[in-house]
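Structure, as structure tokens:
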Number of protein chains: 2
Amino acid sequence: MSIQDASAIRRSRGRPQVRPDEETLRLIVDTAKQEFLTNCFNTVSMAQVAQRAGVSTKTMYRLVPTKGDLFRSVVAARLGRFFPEFDSKELDALPLREALTRLLTIYGELTLGEEATRMYRLAVMESTRFPEIATAFFQTAIEPTGLVFEKWLSRQAERGLIQVPDVKFASEALRGMMALEPQRAAVLKQKALPNSEAIALRARRCADLFLKGCVVHQPPPSAR
Amino acid sequence: MSIQDASAIRRSRGRPQVRPDEETLRLIVDTAKQEFLTNCFNTVSMAQVAQRAGVSTKTMYRLVPTKGDLFRSVVAARLGRFFPEFDSKELDALPLREALTRLLTIYGELTLGEEATRMYRLAVMESTRFPEIATAFFQTAIEPTGLVFEKWLSRQAERGLIQVPDVKFASEALRGMMALEPQRAAVLKQKALPNSEAIALRARRCADLFLKGCVVHQPPPSAR
């Protein structure tokens with residue numbers, strides 16, 4: 001008897017189908033994401049998300065107690081899709097320059113993507129009325145991503161490949177080179193987000209600048 | 001007739017005092033700044049700013065036609081106080097590392113200051129309802145500051161002191177290292193802005209990283 005047959009029997013005998021909480025939560029989060037991307041925080045309703053996801057309000061509140069938690073879950077789901085890509089073993093098998101370019105490309109695809117940009121804009125827009133969503137974005141998106149960079153940088157320092165005064169600063173500097181201007185221009189709706197090609201080029205340039213700097217060690221005699 | 005006009009007449013024996021437009025505009029901008037810093041864009045009223053500045057509504061609209069222009073003037077006034085400090089001759093007299101540290105410190109004091117942070121937050125918060133203020137912030141604060149960096153970098157490249165693949169990218173990278181994380185944390189109200197000492201230290205570290213990079217040129221044999 002297949003799984004489908006078994007569940008059909010359960011349904012036909014009037015016993016409620018048991019869906020794992022994890023799957024229900026994914027349904028809720030997918031629905032909530034669409035709501036957050038197209039509405040302001042204020043107009044997203046917990047009851048409406050539950051209804052659209054086909055989940056009872058009781059289950060919804062059991063799994064996600066507040067709207068702040070809902071936003072946090074949406075951001076976490078987005079990040080969750082990216083963290084496996086930051087896989088350290090795969091990165092460590094690459095030469096330093098390639099590994100850093102790869103790390104920055106993954107970061108760029110995440111941070112300079114349409115979804116993250118909208119979530120960030122929403123968090124700033126609502127930072128006065130709903131401080132919990134700014135906190136959720138900071139704790140769920142910004143801090144864990146920073147930690148990925150810090151860990152990678154620490155490993156490279158331990159391997160004797162790089163030397164930085166402070167790993168936290170170096171992590172901030174890397175992410176800043178990569179993201180500040182494109183993100184700010186997009187959050188203010190002044191420029192389109194960079195495409196994958198532009199992100200890859202920027203990642204390469206950031207990696208080179210971070211590793212080698214740009215000073216000319218032997219300036220021409222005229223400039224001395 | 002306002003109180004100011006009346007007292008001017010008394011002082012000048014009946015001849016109306018003519019205040020230069022520049023001075024009137026400064027009064028308006030100073031008043032508007034306080035309003036923008038403590039209210040949302042929506043609740044700032046042109047008439048109220050005029051009244052508080054002791055200026056007739058007619059004069060106000062002659063000098064500043066729209067609320068978007070008012071916001072732009074406030075941002076421009078803030079930048080105007082900083083641009084003289086980016087003086088190129090003074091910077092060029094310093095050794096490269098010192099000049100870059102100075103440039104980044106000035107930029108940090110501006111961008112990571114309380115006033116600029118609030119203006120930026122306001123511009124993002126209102127980017128949907130009032131896109132003109134996001135445009136004003138971008139065109140009046142972000143673009144001109146970026147240009148200062150581009151010009152300075154171009155001069156150093158012409159002098160043969162640095163070599164960058166693209167001056168615009170290098171300008172964005174520098175500002176990003178300096179500002180992204182402290183600005184984002186402050187805009188989301190998660191961390192206090194850095195003080196002058198922290199800004200100066202960060203500027204020094206950014207200058208060193210930008211110029212020299214952090215790769216160890218002779219890794220120990222174990223890491224080769």
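Bear in mind the structure is a predicted one, so any value in this text is a computation, not a measurement. A note on names: the letters A, B, ... follow the listed sequences, proteins ahead of strands, and every chain is numbered from 1.
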Rounded at 0.5 Å granularity, tell me how far [atom1] in [X] sits from [atom2] in [Y].
| X | Y | atom1 | atom2 | value |
| --- | --- | --- | --- | --- |
| B:L188 | A:S127 | CG | OG | 7.0 Å |
| A:K212 | B:Q163 | NZ | CD | 10.0 Å |
| A:F169 | B:L209 | CZ | CG | 5.5 Å |
| A:Q183 | B:R184 | CD | CZ | 5.0 Å |

Task: chain A contacts, top residue of B:I142, B:V187, B:V164 (heavy-atom pairs, under 4.5 Å) - done: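 Option with the greatest count: B:I142.
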Task: Selection from B:M125, B:R97, B:R121 maximising heavy-atom pairs under 4.5 Å formed with chain A - done: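 That would be B:M125.
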Task: Portion of A:L96 that has a non-hydrogen atom of chain B nearer than 4.5 angstrom - done: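 A:L96 touches chain B through side-chain heavy atoms alone.
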When [options] are compared by non-hydrogen pairs under 4.5 Å with chain B, the top option:
| options | value |
| --- | --- |
| A:K191, A:M177, A:Q139 | A:M177 |
| A:L122, A:L174, A:L180 | A:L180 |
| A:P182, A:A179, A:G176 | A:G176 |

- [ ] With a 4.5 angstrom heavy-atom cut-off, could you sort out which part of B:Q190 is near chain A: side chain, backbone, both or neither?
- [x]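 Just its side chain gets close to chain A.
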Open item on the list: Taking side chain as everything from C-beta outward and backbone as N, CA, C, O, which of these in B:A185 sits under 4.5 Å from a heavy atom of chain A? Side chain, backbone, both or neither.
Closed with: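 For B:A185, heavy atoms of backbone and side chain both lie under 4.5 Å from chain A.
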- [ ] State which residue, out of A:L100, A:L161, A:L211, A:D208, fulfils the side chain to side chain contact (heavy atoms under 4.5 Å, CB included) condition with B:V215.
- [x]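 One option only clears the test, and that one is A:L211.
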Task: Side chains of A:K189 and B:T128, donor plus acceptor under 3.5 Å - done: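 Per modelled atom types, A:K189 and B:T128 side chains form a pair under 3.5 Å.
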- [ ] Determine whether more than 12 heavy atoms belonging to other residues, nucleotides or ligands lie under 6.0 Å from atom CD of B:Q51.
- [x]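 Counting other residues, nucleotides and ligands, CD of B:Q51 stays at 12 neighbours or fewer.
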Open item on the list: Contact between B:R175 and A:E181 at the side-chain level, heavy atoms closer than 4.5 Å - yes or no?
Closed with: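 Yes, close enough: below the 4.5 Å cut-off.
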TODO: Please examine the side chains of B:R205 and A:D166, heavy atoms only from C-beta on, and report whether any two atoms are closer than 4.5 Å.
DONE: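 In contact.
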